Amino acid sequence: MAEKKTKSADSTDKSAVKKTSAKAETAKKTAVKKTAAKKVPAKKTSAGKSTVKRGVPNCSGKTLVIVESPAKAKTISKILGSKYEVLASVGHVRDLPRTRMAIDVENNFEPDYVLVRGKGDLIKTLKEASKQASKTLLASDPDREGEAIAWHLATLLDIDPESKCRIRMHEITKNGAEKAVSSPDNINLDLVNAQQARRVLDRLVGYELSPLLWRKVKRGLSAGRVQSVALRIVCEREEEIENFQKEEYWNIEVEASADSRKYKLKVVKYQGKEFKIPNKTEADKVKAALKAGQLTVKSFDTKENMRKAPAPYKTSTLQQDVSSRCGFEPIRTMRIAQSLYEGVELPGRGATGLITYMRTDSLRLAPEAISAARNFIEKAYGKAFLPAKANLYQPDERAQDAHEAIRATDASITPDSIKEYLTPEQYSVYNLIWKRYIASQMSDARITKNTITCADNGYTLQQSGNVVAFEGWGRVYPLSVAAVDLQYAKEGEILSVDKILAEQKFTQPPAHYSEAGLIKILEEKGIGRPSTYATIVETLSARNYVEHGEDKKLAPTKLGRTVNAFLLKYFSGIDNVGFTADMENSLDKIDDGALEWRQLVGTFWKDFKPLLDDVAKNGEPMHLEPEYTGENCPQCGKPLLKRSGRFGEFIACSGYPECKYTAAIIKTTGIKCPKCGEGELVRRRAKNGKAAGRFFYACTRYPDCDYVAWKLPQELAAKLAKKKETEDGDVSDM
């Protein structure tokens, strides 16, 4: 019934759904009329009032602006004033239905779009408002997805996409909004078709491959064109870690002095060549030789290094930096950035968008943004911190460069000046964005590096120290320089050997990826785009294909590895980095109008469908074997086993559904609760509200002890790191 209702609501332009492409649909609509500039005013009653339906704002004589989110609508409405009515579509208005594939493969991959469930009344409101308005402007986000939303809105509202109906706001400020409404453009149908191509490809893979996984591996699984490649990268790293063979080596350091000067020198060469100390026997030989010899200063070198200012943020670097400095997951970072982009109420300024659009791969800053930053730097820090010319940055060769880099919309709005009007998480993200923007236009930092080189019985020993000679951009953004003031030593000077330290070490395997680290790899390999990075990683967690360790690093679950093994065995031709990166390049070509989207989809389907049919018929199943715990259910006595769900693994009864007993799997950190001192801290995952999916730490004695923290205090985190350390080495001195 709901589906019939949706189709009926969509019938206002039924022909628009069934055209061969966005351009074909547009061409036909253009031949009929251009409705973006001409709207029929609402009828008047005898009292001179508009006959407006309840809930529909009076748009007569106004310009209607349709954006995506209510928060954005509120901000823009305050900026534009009473001559404009700003309404929100609340995201997509039409999409492919969830209950079926809805791609007519026999009819040139025609997508069957329907109204998004629950949007019927909203669409009626938008239609009525658009009829009343003198003009309708579509102001969805300035990217592929936003362009597609604008196109779907134009279809439903009977607006010609080739008319001047589309505006793009890269920053939601007075200047940004007024500039946008004063220079409307047509909908970019190449971008729309690129979005359609991505949507259709993902639907074909998801709705064809997922059922196959149900039959061959486990019911309820899903596969995705990009998600599966990301899973493969995580699994390959896990294999590297498992196959890694650690090797022993030793570090030897000499604590030396002369007068009141202290040095800590490391053995780096023997007979002028770099060498490795493989075991304790060799380490003891080196120690004995150093003790028998004489430690003589060979040189003391001073070199000044210039450290270039960092580029402003793009989507991936913002997610990585916020993750390392604030501990936020990428999906959370993007949610916070979205709120800063959409606007915050500031005294004396009103609703203000604080940052530019946050889904971008560009490092470019607008000339006016560079000028504003340079003016601020000169006034706030002085001319010494201002380079002679503006700093310019080159994006990656794969970058689309459609938008500016992520920056503050107003250099004069410092983070501390508006801190009280932001939430703590908004402040944290804005603080980094503002600082990175300003730092990107500041003078280079100068670091003085001092190096002392000594010789002893054929061995070369060195120590280096860094001193910040001029902080430059480091005045604003962390330089991350460990300052060591190495005191001068004269060539030929004899140093006293106070202690020789030998420490056993082992080579370490590559680390698991963090969420931000995985995004960095995806970007480097050309997989996904700024708008999809966070969602790709979030999907892997939601599907329980990966789990987060205590250090927030990603490791594949047993389920994830099984799915990856199946895809790798039968679909390695499409489940690989090269194929997925090439597909992204092809989507970019559609963006540029150099490739027709149905041609791309058709080429993919021609190879994919026969392979799919063959695996369905001949592929061997890889069913997951039940993992029993060795214990019995306390309620019915049947064996307990591990199961996986939305929030990770848990214990369940094998007698389900007759017996519904479940229990959480509790892994303690081994750290005593800082509040009660009796229980231990365990890591749990929030299941409800906005924080659903986030990890937190709690006491095992809950509810008797209510200690809870989103992240461990620094000293407790250090204890946990030490507990996990694998460098179980021997340290000796003489």
Side-chain angles (χ1 to χ4, degrees), residues 240-303 449-467 480-512 550-551 553 670-671 715 717-734:
E240 285 182 63
I241 294 170
E242 290 177 346
N243 296 331
F244 182 81
Q245 299 293 320
K246 67 179 182 180
E247 294 181 10
E248 179 185 4
Y249 69 98
W250 286 69
N251 283 339
I252 295 181
E253 291 182 329
V254 174
E255 292 184 2
S257 60
D259 303 325
S260 60
R261 291 171 284 132
K262 300 285 186 181
Y263 302 96
K264 194 167 187 177
L265 301 135
K266 183 179 179 180
V267 175
V268 293
K269 293 180 181 179
Y270 179 65
Q271 301 292 8
K273 295 181 180 180
E274 293 184 1
F275 76 114
K276 196 172 186 179
I277 305 172
N279 51 50
K280 189 175 187 301
T281 301
E282 292 300 315
D284 288 341
K285 289 180 181 179
V286 176
K287 287 166 64 178
L290 293 173
K291 188 177 181 183
Q294 189 175 61
L295 192 60
T296 306
V297 177
K298 301 299 289 182
S299 65
F300 190 94
D301 299 318
T302 298
K303 184 179 180 182
K449 182 178 182 180
N450 295 318
T451 303
I452 180 174
T453 303
C454 298
D456 187 345
N457 223 346
Y459 292 95
T460 301
L461 301 90
Q462 280 186 340
Q463 182 186 2
S464 294
N466 292 316
V467 177
S480 302
V481 174
V484 178
D485 189 7
L486 197 61
Q487 293 180 289
Y488 179 76
K490 188 190 301 183
E491 184 178 342
E493 185 177 3
I494 306 299
L495 301 183
S496 173
V497 175
D498 302 323
K499 186 182 288 187
I500 302 176
L501 298 170
E503 182 180 11
Q504 182 191 36
K505 308 278 278 185
F506 292 94
T507 53
Q508 295 298 303
H512 287 100
E550 299 289 352
D551 52 3
K553 296 296 179 67
I671 297 174
E715 63 274 14
K719 282 185 181 179
L720 181 60
K722 191 172 182 180
K723 175 177 175 286
K724 288 176 165 288
E725 201 172 57
T726 56
E727 294 181 358
D728 186 20
D730 178 26
V731 179
S732 60
D733 65 80
M734 62 182 294

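Numbering of residues begins at 1 and proceeds along the displayed sequence. Please read these numbers as outputs of a predicted model, since none were measured by experiment.
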So which heavy atom on [X] is nearest to which on [Y], and how close?
| X | Y | value |
| --- | --- | --- |
| Ala502 | Ile252 | CB-CG1, 4.1 Å |
| Asn457 | Ala289 | ND2-O, 2.9 Å |
| Lys449 | Ser464 | CE-OG, 3.8 Å |
| Leu290 | Val267 | CD1-CG2, 3.8 Å |
| Asp498 | Lys262 | OD2-NZ, 4.4 Å |
| Ile452 | Ala489 | CD1-CB, 3.6 Å |

Glu248 and side chain to side chain donor-acceptor pair (under 3.5 Å): which partner among Gln504, Lys280, Lys276, Lys505?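 Running side chain to side chain donor-acceptor pair (under 3.5 Å) over Gln504, Lys280, Lys276, Lys505 with Glu248 returns exactly one hit, Gln504.
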Pairs in or reaching into residues 267-290: which pass ring-ring contact (aromatic ring centres under 6.0 Å, His included), with residues at least two apart or in two chains?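 Non-adjacent pairs meeting ring-ring contact (aromatic ring centres under 6.0 Å, His included): Tyr270-Tyr459, Phe275-Tyr459.
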Where at least one partner belongs to residues 481-502, residue pairs that pass ring-ring contact (aromatic ring centres under 6.0 Å, His included), sequence neighbours excluded: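 Of all non-adjacent pairs touching residues 481-502, those that pass ring-ring contact (aromatic ring centres under 6.0 Å, His included) are Phe300-Tyr488.
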Is a side-chain donor or acceptor of [X] paired with a backbone partner of [Y] at a separation under 3.5 angstrom?
| X | Y | value |
| --- | --- | --- |
| Glu242 | Glu240 | no |
| Asn466 | Ala483 | no |
| Tyr263 | Leu486 | no |
| Thr460 | Val268 | no |

Would you say Gln462 and Thr453 are linked by a side-chain donor-acceptor pair, where the criterion is simply a distance under 3.5 Å?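 Side chains of Thr453 and Gln462: pair found under 3.5 Å.
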Point-to-point distance, once rounded to the nearest 0.5 Å, from CD1 of Ile494 to CD of Gln294: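 CD of Gln294 is found 3.5 Å from CD1 of Ile494.
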Nearest 0.5 angstrom please: Asp485 CG to Asn450 CG, how far?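 One gets 7.5 Å once the value is rounded to the nearest 0.5 Å.
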All side-chain hydrogen bond (donor to acceptor under 3.5 Å, both in side chains) counterparts of [X], not counting sequence neighbours:
| X | answer |
| --- | --- |
| Lys285 | Glu282 |
| Gln463 | none |
| Glu493 | Arg261 |

If a pair satisfies salt bridge (Lys or Arg N to Asp or Glu O under 4.0 Å) and one of its residues is in residues 263-275, list it, with sequence neighbours excluded. Glu253-Lys264
Are the side chains of Leu265 and Leu495 in contact, using a 4.5 Å heavy-atom criterion?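 Touching, per the 4.5 Å side-chain cut-off.
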